[in-house]
Amino acid sequence: MEPDGAAADLQGAPWPRALFADPALEVAPRLLGAVVWHGPVGVRLTEVEAYAGGEDPGSHAHRGPTPRAAVMFGPAGHAYVYFSYGMHHCLNVVCGRDGVAGAVLLRAGEVVAGENGARARRDAGRSLTHPARDLARGPARLTQGLGVDLRHNGMDLCAAGATVHVRQGSAPAASRIRTGPRVGVSGPGGDGTAYPWRFWIEGESSVSAYRPGRVVAPRPR
DNA sequence: CGTGCGATTATCT
DNA sequence: GATAATCGCACGC
């Protein structure tokens, strides 16, 4: 971990809203290397996924602006946080024009500041202590490490003084950026390989393990 | 090391 | 009533 003085040097300029206002597919690779902050905790993004609107069957916005997905149709730069599998939170940044659905799911990153706070949340209720690379490895782990939950849904990340916000970080060399199928996305057409909208930085230990979309097995009776 | 499955509840049909 | 943009643990090799 860096001492506090060095952590300040890691803080780049705040991300302007205009960088979120393009389609999610363009914003996603651009976000790799950027740093998400929640108070003292900073996570440098190493893996993200793009989600679009009606034409994207894997998106929550696929069925229109339901109460949950409405944020995805709103202005760029706001947080879309949803509660998943009855116990996990996932954090997205809304992209695209106001009125057009789009978001980038923040899937994984490395903790570059506030490691103790992140670890305290990740270790809570458990007798083991996590290695540094696991503190934000996976979308639900990332929100847990950052301390982000449904209270942050809809928050404007570009507003001055927002507790959750994005700053410039060390962008990876273009040659290290990889793309592939999104994780865990199922539905008609199966495994989601038709939408290779997952982006990650090759060689980063904090990139989450890839698991193909789960096939629904017939239930025994 | 890899694979399989149960947990637990908001959201949508 | 079914499903889910997941995780962590148990088990087998």
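Predicted model, so just to flag it, every value in this text is computed and none were measured. Letters A, B, ... are given to chains in the order of the sequence lines, protein chains preceding strands, and every chain is numbered from 1.
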### Summary
To the nearest angstrom, the CD-C1' distance between A/E47 and C/dT6 comes to 13 Å
### Task
Pull out every residue in residues 60-94 of chain A that has a heavy atom closer than 4.0 Å to any atom of DNA chain B, ordered by number, or say none.
A/R63, A/T66, A/P67, A/R68, A/F83, A/Y85, A/G86, A/M87
### Message
Can you classify the ring geometry of A/F20 versus A/W15 as parallel (below 30°), tilted (30 to 60°) or perpendicular (above 60°)?
### Response
tilted
### Task
Indicate whether OP1 or OP2 belonging to C/dG8 is found under 4.0 Å from a side-chain N or O atom of A/R141.
yes
### Query
Taking A/L106 as the fixed residue, which of A/V166, A/L91, A/V43 is the one that meets the side-chain contact (heavy atoms from CB on, under 4.5 Å) rule?
A/L91
### Task
State, without any angle test, whether A/D123 and A/H130 hold a side-chain donor-acceptor pair at a distance under 3.5 Å.
yes
### Nearest-angstrom distance from the residue atom CG of A/L25 to P of C/dA5
19 Å
### Summary
pair_partner(C/dT3), Watson-Crick or wobble, both distances < 3.5 Å, evaluates to B/dA10
### Message
Side chains of A/R122 and A/Q144: any donor to acceptor distance under 3.5 Å?
### Response
yes
### Query
Rounding to a whole Å, what distance do you find between A/R107:CZ and C/dC7:C1'?
11 Å
### Message
Using a 3.5 Å distance criterion without hydrogens, assess whether the side chain of A/H78 forms a donor-acceptor pair with backbone atoms of A/G154.
### Response
yes
### Sub-4.0 Å heavy-atom contacts from residues 120-130 of chain A onto DNA chain B, ordered by number
none
## Note on the structure
Of A/R198, A/R137, A/R178, the one forming a side-chain hydrogen bond (donor to acceptor under 3.5 Å, both in side chains) with A/E47 is A/R198
### Query
Do the numbers put A/R107 on top of the ring of A/F199, so that NZ or CZ is under 6.0 Å from the six-membered ring centre and no more than 45° off the axis?
no
### Watson-Crick or G-U wobble partner of C/dC9, both distances under 3.5 Å
B/dG4
#### Entry: Nearest-angstrom distance from the residue atom CZ of A/R182 to P of C/dA4
14 Å
### Task
For the pair A/H89 and A/F83, name the ring-plane relationship: parallel under 30°, tilted 30 to 60°, perpendicular over 60°.
tilted
